[in-house]
Amino acid sequence: MLKWLLALPFAAFILFNAYVYGNIITYRAVAPHQSAFMSMRMSEFRDADKAVALDYRWVPYHAVSTNLKKALIASEDAKFAEHGGFDWSGIQSAIKRNEKSGKVRAGGSTISQQLAKNLFLNDSRRYIRKAEEAAITAMLEATTDKDRIFALYLNVIEWAPGVFGAEAASQHFYQKSADKLSRQQAAQLAARVPRPLYYAANPRDRALRNKTNIILRRMGSRVAGYGIR
């Protein structure tokens, strides 16, 4: 009985990762019906008795403005085209900040890591969840090209209550399709990504304006345009 009890967590880990791997292979050609993060967030709204409808509209990679792609690279992961899923210098900086604060506040997450979390995990900041995120990120990078990883990311990001993906966000905030976004609009959307629910409730926050301006400056650099089509 003791052996079985000890084996259960390991078996659950293997089964979960087999499930994840199968889905990653599927997502190379098929759009996700819904991500784990979407399900978690919508459940939170229901539990809080908030009438929020899910707005998730998949669009292909070419149907998203290059401006938004550059803005997200500039904001979230300048080394996306170069790394294998992990920005080690960013992770080291995050570890130092976490040790200083005594809490897991910063993760140094790349676009690939954020996608892994959004597709399959919850919003926990525990180290065990970060370890699972790392395993899923490695699987994503080993099986899926960068354009597809970025396409998946663009389509599952949370931008406001119930609003997921570039197309839904573009329609929600600007009443236009995602391929029509200007540089300013793209930078404004990218600035919302780390705290989408907060900025939806506080659209005039000075931090949002400041970050939008920083992203606009970064978008003009060669780094922001590297590898983007």
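Position 1 is the first residue of the sequence, and the numbers go up from there.
- With sequence neighbours excluded, no residue forms a salt bridge (charged side-chain N to carboxylate O under 4.0 Å, His left out) with Glu167.
- Partners of Ala138 under the side-chain contact (heavy atoms from CB on, under 4.5 Å) rule, at least two apart in sequence or in another chain, do not exist in this structure.
- Counting only residues at least two apart or on different chains, the salt bridge (charged side-chain N to carboxylate O under 4.0 Å, His left out) pairs with a member in residues 37-62 are Arg41-Glu44, Arg41-Glu158, Asp55-Arg57.
- The salt bridge (charged side-chain N to carboxylate O under 4.0 Å, His left out) pairs that include a residue from residues 10-30 number zero, where partners must be two or more places apart or lie in different chains.
- The side chain to side chain donor-acceptor pair (under 3.5 Å) check on Thr143 picks up nothing, with sequence neighbours excluded.
- In terms of the side-chain contact (heavy atoms from CB on, under 4.5 Å) criterion, residue partners of Asn67 (sequence neighbours excluded) are, by chain and number, Ser65, Arg183, Ala186, Met219.
- Under the side-chain contact (heavy atoms from CB on, under 4.5 Å) criterion, Gln34 pairs with Met38, Ser39, Leu54, not counting sequence neighbours.
- With sequence neighbours excluded, no residue satisfies salt bridge (charged side-chain N to carboxylate O under 4.0 Å, His left out) with Lys176.
- Residues forming a side-chain contact (heavy atoms from CB on, under 4.5 Å) with Ala190 (at least two apart in sequence, or on another chain): Ala71, Leu72, Ser75, Ile215.
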Pairs of donor and acceptor atoms involving the side chains of residues 12-21, under 3.5 Å and at least two apart or interchain, shall be tabulated with distances.
residue, atom, partner, partner atom, Å
Asn17, ND2, Phe13, O, 2.8

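- For the side-chain hydrogen bond (donor to acceptor under 3.5 Å, both in side chains) condition, the pairs that include at least one residue of residues 195-204, sequence neighbours left out, are Tyr198-Asp205.
- Residues meeting the side chain to side chain donor-acceptor pair (under 3.5 Å) test with Asn118, sequence neighbours left out: none.
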